[in-house]
Amino acid sequence: MTESRLRFPPSPTGYLHIGGARTALYNWLYARKTGGKLILRIEDTDTERSTTDSIEGILDGLNWLGIDWDEGPYFQTDFSEEHRNAAETLLKTGNAYKCFCSRETLEQKREAALAAKESVGYDGTCRSLAPETVQQKEAAGIPAVIRFKVPERSGKIGYDDKVLGRIESSYSEIDDFVIVRSDGNPLYLLCNVVDDIRDRISHVIRGQDHMTNTIKQLLLYEALGAPVPVFAHMPLTLDNKKAKISKRNHGEIVAVQFYKEHGFIPWAFNNYLVLLGWSPGNDREFFSREELIETFSLERINRSSSIFNYRKDDPKFFTDPKAISINEHYLRSMPISELAPFVKERLSKEALWDESYGQERRQWFHDTLELIRSRFHTINDFTSLGRAYFADDYEIEEKPLKKNLLKYPGLKTWLPELAETYKAAEHFSLEETERLARKCAEEADVKPGVIINGMRTVVTGQLAGPSMFDILMTLGRDTVVRRLKKTPELFA
RNA sequence: GUCCCCAUCGUCUAGUCAGGUCCAGGACACCGGCCUUUCACGCCGGCAACACCGGUUCAAAUCCGGUUGGGGACGCCA
């Protein structure tokens with residue numbers, strides 16, 4: 001058996017969005033599972049809309065996700081000659097013809113058909129033009145496109161889809177489609193097939209929105225005398241209003257880049273993405289890279305479309321809650337040594353990284369991450385909610401300030417006093433700091449919670465967090481004393 | 001309008017091909033409880049679905065037909 005060859009062919013007309021990422025992921029998984037190759041091919045034949053920024057964005061997105069490829073990136077425009085030759089061949093073999101209908105005429109006919117609620121396909125005006133007529137029109141300089149001549153056959157053409165099963169369509173339903181523009185540039189339907197033939201693609205995994213293209217391309221494979229690859233059409237991802245997700249309508253929320261910037265762990269995002277339209281057949285939801293490659297299969301891809309369940313302007317979830325929960329799962333269960341690099345990157349970006357965290361304070365760094373990670377949602381939370389563990393410029397949040405500090409004016413003096421006590425204490429241990437804090441509460445004649453929560457507010461700026469005395473140990477005596485002494489400033 | 005695909009909790013889904021073990025299981029979200037000086041984590045519990053109508057069958061979420069609903073395609077975009 002020959003090796004499987006897959007491809008991911010994005011068009012560089014925008015950033016990589018979750019639909020594209022999921023397609024790339026499925027192709028990648030199948031290639032890796034079967035020991036095959038994944039080819040990255042940039043389909044840039046739409047020169048009007050293609051941009052180099054998009055290419056970079058797509059590559060960057062794939063790299064971030066960890067989706068690697070074995071060949072490419074190839075650029076479709078580098079093979080224009082080949083595409084034109086293929087069109088020429090089709091013309092010669094009688095599988096294609098020149099069409100002189102103007103855009104305006106076509107547009108009018110289409111609109112008229114739509115208005116009359118009739119079928120909107122090409123009417124075949126130029127399908128059987130006499131050779132002389134063609135010559136005359138060419139001589140007159142009338143621009144022409146090249147259309148594929150769909151064979152006049154009865155019956156149906158079809159293929160066995162790995163996801164959907166047998167898919168068929170009547171020949172009579174297929175319009176003569178354009179394969180070369182009037183400016184001589186070949187179009188997607190043709191280029192895509194020519195490239196897939198050249199790249200010896202064995203499996204085409206793409207969205208269900210390509211189903212009608214597949215039928216047309218089947219004809220192209222036949223006319224070009226090439227073997228047809230295996231097709232697998234995956235379900236589309238819709239928004240919660242059941243509209244196809246698109247860059248244009250949904251903006252950055254559907255961009256892979258958005259998740260990178262918002263502190264997702266790349267693998268967690270892949271794990272979320274793969275579950276949108278595929279399941280292993282049991283209750284399992286978390287997979288390591290190797291486990292997913294092992295478990296993944298085309299046959300278990302769902303037939304029905306799934307919904308990317310984000311609510312715009314949801315105060316609680318900035319994207320699909322399921323995606324966040326999967327990220328949280330990885331955040332709190334992955335080995336600290338694997339989490340650390342992600343946090344390091346984020347801290348570095350905010351100029352909070354200290355080289356010692358990777359050297360003599362490495363253990364401290366890891367212990368701290370262990371202490372605080374259970375209540376975080378993303379990597380970004382380490383520099384926002386968790387800022388007080390790495391810097392002094394953390395923000396004192398409004399809510400705890402009012403509720404746990406300003407409400408008890410006595411704290412203005414109690415906390416600095418406790419700071420002195422801590423400074424003078426023989427041991428700055430878990431037990432001792434707690435004992436002294438409780439003693440402080442006793443002397444002030446308040447509940448220990450008042451002292452503890454007040455301290456939490458001053459020392460971390462947060463309403464909630466890990467056990468107070470664990471925090472104290474993590475921060476260290478000097479920092480704690482310094483911060484507690486500044487308590488009066490917060491009453492100003 | 002034509003063609004194609006799809007249809008289980010709010011969402012992601014298991015179960016459908018080989019009908020009975022499914023008055024439908026898991027996860028997220030939500031609600032309640034336990035734990036806890038706080039908040040999370042964790043644990044326990046709860047809410048919540050087979051779109052509808054017929055047919056086949058001793059038996060249908062599962063097979064068949066229809067209806068409805070949703071989506072996609074119909075471009076000199078990819």
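No hydrogens, no waters, no symmetry mates; every other heavy atom, side chains included, goes into these values. Lettering follows sequence order; numbering is per chain, from 1.
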* Asked: Do the rings of A:F318 and A:F258 sit parallel, tilted or perpendicular, given the 30° and 60° boundaries?
  -> tilted
* **Parallel, tilted or perpendicular, as decided by the 30° and 60° cut-offs, for the rings of A:F177 and A:F148** => parallel
Take atom [atom1] in [N] and the same atom in [M], then report the distance between them in whole Å.
N: B:rG10; M: B:rC6; atom1: P; result: 23 Å
N: B:rG46; M: B:rU37; atom1: P; result: 28 Å
N: B:rA27; M: B:rG65; atom1: P; result: 36 Å
N: B:rC28; M: B:rA14; atom1: C1'; result: 15 Å
N: B:rA24; M: B:rA49; atom1: C1'; result: 9 Å
N: B:rG54; M: B:rG72; atom1: C1'; result: 29 Å
N: B:rU57; M: B:rU13; atom1: C1'; result: 29 Å
N: B:rU67; M: B:rU2; atom1: P; result: 13 Å

* For A:H210 and B:rA78, say yes or no: do the ring centres fall under 5.5 Å of each other while the ring planes differ by less than 30°? => yes
Ignoring backbone atoms, establish whether [X] has a side-chain N or O less than 4.0 Å from OP1 or OP2 of [N].
X: A:N302; N: B:rU13; result: yes
X: A:R110; N: B:rC76; result: yes
X: A:T45; N: B:rA78; result: yes
X: A:S279; N: B:rA14; result: yes
X: A:R284; N: B:rC12; result: no
X: A:K316; N: B:rC30; result: yes

With both distances kept under 3.5 Å, what pairs with [N], Watson-Crick or G-U wobble?
N: B:rA14; result: none
N: B:rA73; result: B:rU2
N: B:rU67; result: B:rA51
N: B:rG42; result: B:rC34
N: B:rC22; result: none

May I ask you to say what [X] touches in the nucleic acid, namely base, sugar-phosphate or nothing, with a heavy-atom cut-off under 4.0 Å?
X: A:L187; value: sugar-phosphate
X: A:P321; value: sugar-phosphate
X: A:G277; value: sugar-phosphate
X: A:V145; value: base

Would you kindly check whether a donor in the side chain of [X] faces an acceptor in the base of [N], or vice versa, at under 3.5 angstrom?
X: A:K322; N: B:rA29; answer: no
X: A:S182; N: B:rC76; answer: yes
X: A:S374; N: B:rA40; answer: yes
X: A:R103; N: B:rC76; answer: yes
X: A:R332; N: B:rC41; answer: no
X: A:N213; N: B:rA73; answer: no

So if I take every side-chain heavy atom of [X] and compare against [options], which nucleotide ends up nearest?
X: A:A464; options: B:rC6, B:rG71, B:rC39; answer: B:rC39
X: A:Q76; options: B:rC5, B:rC39, B:rA78; answer: B:rA78
X: A:L236; options: B:rG72, B:rC77, B:rG26; answer: B:rG72
X: A:Y188; options: B:rC12, B:rA78, B:rA73; answer: B:rA78
X: A:K242; options: B:rA78, B:rG71, B:rU38; answer: B:rG71
X: A:D46; options: B:rC77, B:rC74, B:rU11; answer: B:rC77

* RNA chain B: A:K156 or A:D183, which has the more 5' nearest nucleotide? -> A:K156
* Using heavy atoms to find the nearest nucleotide of RNA chain B for A:M211 and A:E434 separately, return the residue whose nucleotide is more 5′. => A:M211
* Structure fact -> side-chain hydrogen bond (donor to acceptor under 3.5 Å, both in side chains) test vs A:H83 passes for just one of A:T45, A:N185, A:T77, A:D195, namely A:D195
* Asked: So, the side chain of A:T460 versus the backbone of A:T457: is there a donor-acceptor pair under 3.5 Å, distance only?
  -> no
* To do: Identify whether the distance between the nearest side-chain nitrogen and carboxylate oxygen of A:K322 and A:E285 falls below 4.0 Å.
  => yes
* A:E168/A:R166 salt bridge by N-O under 4.0 Å criterion -> yes
* Asked: B:rC6 C1' sits how many Å from A:Q208 CD, rounded?
  -> 7 Å
* Asked: What is the minimum heavy-atom distance between A:A21 and A:L65, and which atoms define it?
  -> CB-CD1, 3.8 Å
* How about A:F296 and A:Y26: are their ring centres within less than 6.0 Å of each other? -> yes
